[in-house]
Amino acid sequence: WAKEEKEIKELEERSRDLESSATVSKFSDLPLSQRTLQGLQSTGYQIPTEIQKAGIPISLKGCDILGAAKTGSGKTLAFLIPVIEVLWKQRWSSVDGLGALIISPTRELDLKHEQERIRKTNIVVCTPGRLLQHMDETPGFTCNSLQVLVLDEADRILDMGFASTLNAIIENLPEERQTMLYSATQTRSVQDLARLSLQDPEYIAVHENS
Ligand code: ADP
Ligand code: MG
């Protein structure tokens, strides 16, 4: 415990002191936990992509972010690494309930099967429609303890006609939270969603080939 406590304290200090201009060339240059760095090493990923270099430090500081980068640029890890780090630093565990919600235009699975497990899950990845359904229909499912909201592929979610569903969801989430909004394109409706869901966000847009 004492060792972990010391690691968390050091990471928090390093995250606070991160300059936006700091040179990040490898994942190991970022203030990440040993376990996350080991996980990255085992996948063979060493060099963060541009959106990861720009986005991860901002999210580790606790700021809201609006990030735009094209498909294939590595946006998943740009939000997933900070989500895991934020919860780990708070020592989030199975008894703490829903800590992070990732809204994404993924495929929907079987509702019943989910209802049995969702109350005990710390990180949920979900479509807007299914999430609203759980909020309305699943006894014991609550978002009251939520720390981090991720809106992934926001432009696609909005193109699918989920703007009002998203608004209803966001109204039901705690205001004290960190939000990461990622999108491949910056449309008017993404900007509207940003106004509704983000507080003093940092904006990053990456145009590159990686
Ligand atoms: P996006 O969400 O921006 O479309 P993804 O997060 O799906 O992009 O990533 C695209 C691909 O790049 C995936 O196959 C992913 O595993 C890979 N990838 C992501 N980050 C890295 C990295 N730092 N190094 C190598 N490959 C990566
Ligand atoms: Mg993606």
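Residues: numbered from 1 along the sequence shown. Remember, it's 1-based here, ligands and their atoms both numbered in the order they're listed.
The shortest contact between atom 19 (C) of ligand 1 and any protein heavy atom is with Q52 NE2, 3.7 Å. Of the protein's non-hydrogen atoms, Y45 OH, 3.6 Å is the one closest to atom 15 (C) of ligand 1. In terms of protein heavy-atom proximity, atom 3 (O) of ligand 1 is nearest to K75 NZ, 2.8 Å.
Between T76 and ligand 1, an N or O atom pair is found at a separation short of 3.5 Å. For ligand 1, the polar-atom distance check against F27 finds no nitrogen or oxygen pair separated by under 3.5 Å. At a 3.5 angstrom cut-off on N or O pairs, P48 does not count as close to ligand 1. An N or O contact shorter than 3.5 Å links G74 to ligand 1 by distance.
Within a 4.0 Å radius of atom 13 (C) of ligand 1, the protein contributes no non-hydrogen atoms. Proximity of atom 25 (C) of ligand 1 to the protein is indicated by at least one non-hydrogen atom lying closer than 4.0 angstrom.
Short contacts between ligand 1 and K70, defined as distances under 4.0 Å to a heavy atom of the residue, involve ligand atoms 3 (O). The distance from ligand 1 to the heavy atoms of S73 drops below 4.0 Å at these ligand atoms: 1 (P), 3 (O), 8 (O). Shown in contact with I47 at under 4.0 Å from a heavy atom are these atoms of ligand 1, numbered in order with element: 22 (C), 23 (N), 24 (N). Interface atoms of ligand 1 facing T71, defined by a heavy-atom separation under 4.0 Å, are 4 (O).
Atom-to-atom distance recorded for T185:OG1 and D155:CG is 3.5 Å, nearest 0.5 angstrom. Rounding to the nearest 0.5 angstrom, the gap separating the CD atom in E153 from the CG atom in L158 is 11.5 Å. Taken to the nearest 0.5 Å, the CD1 atom of I157 stands 8.5 Å off from the CZ atom of F162. To the nearest 0.5 angstrom, E202 atom CD is 10.0 Å from D64 atom CG.
Using a 4.0 Å cut-off between charged side-chain N and carboxylate O, E7 and R35 make no salt bridge.
Put simply, part of G72 is less than 4.0 Å from ligand 1, judged by heavy atoms. Using a non-hydrogen distance threshold of 4.0 Å, E153 does not register as a contact of ligand 1.
Side-chain atoms of K53 do not come within 3.5 Å of backbone N or O of I47 as any donor-acceptor pair.
When only modelled atom types and interatomic distance are considered, R119 and T121 share no side-chain donor-acceptor pair under 3.5 Å. Defined by atom type and a distance below 3.5 Å, a donor-acceptor pair is missing between the side-chain atoms of Q199 and T179.
Between Q115 and H134 the shortest heavy-atom distance is CG-CE1, 3.6 Å.
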Applying salt bridge (charged side-chain N to carboxylate O under 4.0 Å, His left out), run through K6 and E10 and close with a yes or a no.
CA-CA 6 Å; K6 188 161 166 262; E10 280 170 6; 3.8 Å; yes

